[in-house]
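Next up is a structure, given as structure tokens.
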Amino acid sequence: MKPSEDLSLVDILAVLLRFRHLIVIGTAVCSLLAGVCFFIIPKINGRADSASEQKTVCAIYTITALRHPEDGASMRWYDFDFSKVLTDAFSNQSQLAEEYKAFPFLGTPYDASNVREYNNFIHKLVSDNVVRINTRADWSREYRNTFSLSVSLQEENLALLDDFIRDYITKVSDSLSDSLCLPSSYSFFTVSETPFVYDAMEQPSFSMSKKKFILVVMLIFILFVILAFSIDAVQNLKKDESAVAVLREAFASPFNARKQNEA
């Protein structure tokens, strides 16, 4: 394709045919490497991580709130909003700060001697909604209100989380009893004996990786097509002596100007 001529479909096809081996082989090789990065390496890294590190799991507790007093106590809290009680309890940074010191279920990524750093950690724990409460209540004929509480953490800290949840819910129940002038032995909440635990490691799905791989292959193909036209343009410029002379003059002009200024 000559630079002096108008670009036509025949010229484009001629360039693509002339550099077909570069485009096809280059795209195939780069696509193979991309496939290894998308499908092979993540599996190898996932197996290595699972063998050397603790798994991240999600633990879900079922919390049941009793809506009627079984011991004949006052009925004035019959329509009490237990969802607000639980939400406020797990948003209370001061109470959580005291409780977490006894049961650090997320580890201690802070300086224990630095109060400000510890408070920042508790604030992030609350703002990131680490302890998530499902406030969509399921009312049943037995007047019981059921909520789910979920936490993502390292598998090795499940026992600490269990102690944290049960102790904290007990304290919330005792505080509610005191505010309603009920016996301290009265329990408003019951926690499921064992949490529902599942593997929470976040890995991209195969379908998502496949879509990304296709986009990468298309991008690689386009880049090699651009490379083919660039090589063709350079080769044509080398054949055009007038164009080469213009480029040489443009390249040398800054140096000539500098020499003239020095002189």
Side-chain angles (χ1 to χ4, degrees), residues 54-109 118-119 121-202:
Q54 288 288 338
K55 288 184 178 180
T56 300
V57 297
C58 183
I60 300 178
Y61 285 85
T62 300
I63 300 177
T64 304
L66 187 64
R67 288 201 69 219
H68 64 89
E70 297 175 348
D71 55 359
S74 174
M75 296 289 290
R76 57 186 168 177
W77 54 274
Y78 182 82
D79 291 324
F80 209 82
D81 189 354
F82 289 108
S83 63
K84 188 176 186 303
V85 171
L86 290 176
T87 303
D88 291 345
F90 284 95
S91 300
N92 191 318
Q93 300 185 31
S94 299
Q95 293 181 2
L96 286 174
E98 291 298 325
E99 191 71 13
Y100 190 85
K101 289 180 181 178
F103 309 104
F105 59 90
L106 293 178
T108 54
Y118 177 69
N119 290 341
F121 170 77
I122 295 298
H123 176 73
K124 182 173 177 57
L125 185 148
V126 174
S127 60
D128 290 351
N129 199 22
V130 173
V131 181
R132 297 180 298 277
I133 299 176
N134 182 5
T135 58
R136 291 179 297 179
D138 180 20
W139 300 96
S140 61
R141 294 182 179 180
E142 290 78 13
Y143 298 101
R144 291 182 181 275
N145 198 0
T146 302
F147 305 91
S148 64
L149 185 151
S150 60
V151 182
S152 295
L153 73 163
Q154 295 295 314
E155 188 177 23
E156 61 182 359
N157 295 327
L158 280 173
L160 280 174
L161 174 66
D162 193 77
D163 293 337
F164 171 86
I165 295 296
R166 298 185 190 283
D167 188 74
Y168 195 62
I169 290 296
T170 299
K171 291 181 178 179
V172 172
S173 179
D174 292 344
S175 177
L176 188 58
S177 297
D178 292 341
S179 64
L180 295 174
C181 300
L182 292 173
S184 58
S185 59
Y186 192 84
S187 179
F188 281 90
F189 302 100
T190 59
V191 183
S192 55
E193 294 184 3
T194 57
F196 178 78
V197 180
Y198 64 92
D199 189 358
M201 292 183 64
E202 297 182 358

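Being a predicted model, the structure only gives us computed values, none of them experimental.
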Problem set entry | Spacing of NE2 belonging to His123 relative to CG belonging to Leu96, to within rounding of 0.5 Å | 12.5 Å
Problem set entry | Pair Phe82 and Phe189, ring centroids less than 6.0 Å apart | yes
Exercise. How long is the gap from CG on Asn92 to CD1 on Ile122, to the nearest 0.5 Å?
Worked result: 11.0 Å
Exercise. Less than 4.5 Å apart, any side-chain heavy atom of Ser127 and any of Gln93?
Worked result: no
Exercise. Taking atom types as modelled and ignoring hydrogens, do the side chains of Gln154 and Thr56 form a donor-acceptor contact shorter than 3.5 angstrom?
Worked result: yes
For this session: Evaluate the criterion side chain to side chain contact (heavy atoms under 4.5 Å, CB included) for residue pair Lys101 and Tyr118; output intermediate values, then yes/no.
Result: CA-CA 10 Å; Lys101 289 180 181 178; Tyr118 177 69; 3.3 Å; yes
For this session: Evaluate side chain to side chain contact (heavy atoms under 4.5 Å, CB included) for Val85 paired with Val172, printing each intermediate quantity in order.
Result: CA-CA 8 Å; Val85 171; Val172 172; 3.9 Å; yes
Exercise. Do the rings of Tyr198 and Phe196 sit parallel, tilted or perpendicular, given the 30° and 60° boundaries?
Worked result: tilted
Exercise. Restricting to pairs with a member in residues 157-169, which pass salt bridge (charged side-chain N to carboxylate O under 4.0 Å, His left out), not counting sequence neighbours?
Worked result: Asp162-Arg166, Asp167-Lys171
Exercise. What residues, two or more places apart in sequence or in another chain, satisfy side chain to side chain donor-acceptor pair (under 3.5 Å) together with Lys124?
Worked result: Asp128
Exercise. Would you say Leu161 and Tyr61 make side-chain contact, with heavy atoms under 4.5 Å?
Worked result: yes
Exercise. Tyr100 vs Phe164 aromatic rings, parallel, tilted or perpendicular, using cut-offs 30° and 60°?
Worked result: perpendicular
Problem set entry | Any Ile63 side-chain heavy atom under 4.5 Å of Thr146 side chain | no
Exercise. Mind checking whether Ile60 and Ser148 have side chains closer than 4.5 Å, heavy atoms only?
Worked result: yes
For this session: Spell out, as yes or no, whether a donor-acceptor pair under 3.5 Å connects the side chain of Asn157 to the backbone of Leu160.
Result: no
For this session: Evaluate the side-chain proximity of Thr190 to Thr62: yes if any heavy-atom separation is below 4.5 Å, no if none is.
Result: no
For this session: Please round to the nearest 0.5 Å and tell me the distance separating atom OG of Ser83 and atom CZ of Phe147.
Result: 5.0 Å
Exercise. Parallel, tilted or perpendicular: which describes the rings of Tyr168 and Phe90, with under 30° parallel and over 60° perpendicular?
Worked result: perpendicular
For this session: Might you work through the side chain to side chain contact (heavy atoms under 4.5 Å, CB included) test for Leu106 and Phe121, ending with a clear yes or no?
Result: CA-CA 10 Å; Leu106 293 178; Phe121 170 77; 4.3 Å; yes
For this session: Return the minimal non-hydrogen interatomic distance between Leu153 and Ala59, and the atom names on each side.
Result: CD2-CB, 4.5 Å
Exercise. Could you walk me through whether Ser152 and Arg132 pass the side chain to side chain contact (heavy atoms under 4.5 Å, CB included) check?
Worked result: CA-CA 9 Å; Ser152 295; Arg132 297 180 298 277; 3.7 Å; yes
Exercise. Would you say the side-chain atoms of Ser173 pair up with the backbone N or O of Ile169, donor to acceptor, closer than 3.5 Å?
Worked result: no
Exercise. Which value, rounded to the nearest 0.5 Å, describes the distance between Leu149 atom CG and Ser192 atom OG?
Worked result: 9.5 Å
Seminar exercise, completed: Here the gap from Leu158 atom CG to Thr194 atom OG1, rounded to the nearest 0.5 Å, amounts to 11.5 Å
